[in-house]
2 protein chains.
Amino acid sequence: MKAYLIQMLKEIALLGAIRDKIEISSIELSNQIDTSQQTASRYLLELDKKGMITRELGIKKQLIQITDLGKTTLQEEHLQYQQIFELTNRIYISGKVVSGIGEGSYYTEQINYIKQFQEKLKFKPFPGTLNIEIKHIEKNKIRLVKKYNAILINEFKNNNRTFGGVKCFHAKIENIKGAIVLPIRSHYSNILEFISPYFLRKKLKLKDGDFVKIIIFLKN
Amino acid sequence: MKAYLIQMLKEIALLGAIRDKIEISSIELSNQIDTSQQTASRYLLELDKKGMITRELGIKKQLIQITDLGKTTLQEEHLQYQQIFELTNRIYISGKVVSGIGEGSYYTEQINYIKQFQEKLKFKPFPGTLNIEIKHIEKNKIRLVKKYNAILINEFKNNNRTFGGVKCFHAKIENIKGAIVLPIRSHYSNILEFISPYFLRKKLKLKDGDFVKIIIFLKN
DNA sequence: ATTACTAGTAAGCGAGTAT
DNA sequence: TATACTCGCTTACTAGTAA
């Protein structure tokens, strides 16, 4: 979504086009966003094409209303500004259950990890992680979480292999306690790994594609 | 301010650059906003030039922090989204006292207006209006206010002249009660007219250029 | 590794204007 | 009145690469 289209959509929303149809001409909109009538017209066409607004062209002006898709787009923007200015000590993320590549199980079976989890998180993790695919927009939240003081699980060597350190945060998934695990050395991924004392797929009757809600607790 | 620069600034803020300096490379930022390294670099140069961010270029990556100006810019965006999704029954506007062209006094001395003000607003306005110049960004709020059910003051004729109808909203200026007056037939102006039972310039010791805070009360 | 310049290409803009 | 097309001009983009 181009930045100028979001700006235009926001202007239309400020005029009240989320609740009602608003009557406005392209020239009025062009004055509002300080551009030409032609550009305002083009923006409206683009927003219409993307399904962000509906239009009823009359002989004079046009009736414009923002669609659910358009509203969702603006809400995602709003969420980002809330994160910037209104952040509290909890972060809410929703995502979709997906199958991992089996690495999670391997990791959570390492005795050195298990010891640290028990000591620092106060629970013994069930072998394996539950992988949650989060929306692109929500990746911002993960980046932000990473800035906070995490519970650190140190790296260690086992025979010839090095197991990297991870950052953990206490979290809940559908109200079941556990933690999220973020590898220290990794790019921002859209997969969140959740560990818990329970076999979550069974306890929560989860299958791939199910949507779940996660709350991450930040320490400070 | 170009839309893409605000978007970039928001992304940097999401990484925590309002509180602290963050260490990030142009290529990491380019991945985040889905563009090339060169474009991300150019955006940073533009933001720096506008005084929105400060940068410390090292041999590797760069330390970026958002300036007060940058923060203010983002807060204005945030305010707009709050207006869209969190609107309550009060609207807060700040502005600067300016001198009008003397028309306000003429209007508020018309007996027909005075009668209506007394009946509908429950106070007798002091002759003249206090003119408040609002920032461009705040004009959105006025547009929104206009969508609400106002207290209507009807138009009337006096000899050969027609006095147009106005919309009023109960309001407070620096905690002194009164009302704002919006001409029904007018384009969106950046001047807000405030009426009150008192001579506000004296009561509040106001002179041109002073900043004041206004609260507008919406009926529903 | 980085940042950011150059230059060629693509996208966006708005005056004029058809509808 | 409107909206929105064409087209010449400007701005923005990125591959290549210097520093």
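Here is how names work: the chains are called A, B, and so on, in the same order as the sequence lines, proteins then strands, and each is numbered from 1. Because the structure is a prediction, the values reported are computed rather than measured.
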Enquirer: Using a 4.0 Å heavy-atom cut-off, write out nucleotides 10-19 of chain C from 5' to 3' as B (base contacted by protein), S (sugar-phosphate only) or - (no contact).
Expert: --SBBBB---
Enquirer: Rounded to the nearest Å, what distance is computed from the CG atom of residue B:L63 to the P atom of nucleotide C:dT2?
Expert: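 It works out to 14 Å between those atoms.
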Enquirer: Can you tell me which residue among A:H78, A:E86, A:Q82 is in a side chain to side chain donor-acceptor pair (under 3.5 Å) with B:Q82?
Expert: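 Option passing the side chain to side chain donor-acceptor pair (under 3.5 Å) with B:Q82: A:E86.
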Enquirer: Considering only heavy atoms from C-beta outward, does the side chain of A:S196 approach that of A:I173 to under 4.5 Å?
Expert: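 Side-chain contact under 4.5 Å: no.
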Enquirer: Would you call the rings of A:F156 and A:F163 parallel, tilted or perpendicular if under 30° counts as parallel and over 60° as perpendicular?
Expert: parallel
Enquirer: Classify the nucleic acid contact of B:L44 as base, sugar-phosphate or nothing, counting any heavy atom under 4.0 Å across all strands shown.
Expert: nothing
Enquirer: Check whether the ring centres of B:F169 and B:F217 lie less than 6.0 Å apart, and answer yes or no.
Expert: no
Enquirer: Tell me whether B:R42 is salt-bridged to B:E46, with the criterion being a basic N under 4.0 Å from an acidic carboxylate O.
Expert: yes
Enquirer: Taking atom NZ of A:K115 as the centre, report whether more than 12 heavy atoms of other residues, nucleotides or ligands fall under 6.0 Å from it.
Expert: no
Enquirer: Provide the start and end nucleotides, 5' to 3', of the part of DNA chain D that has atoms under 4.0 Å from heavy atoms of chain B.
Expert: D:dA12 to D:dG16
Enquirer: Of the options A:K10, A:Q80, A:Q7, which is the one that meets B:E77 in a side chain to side chain donor-acceptor pair (under 3.5 Å)?
Expert: A:K10
Enquirer: Using a 4.0 Å heavy-atom cut-off across all strands, classify B:S41 as base, sugar-phosphate, or nothing.
Expert: base
Enquirer: How about A:T108 and A:T129: do any of their side-chain heavy atoms sit closer than 4.5 Å?
Expert: yes
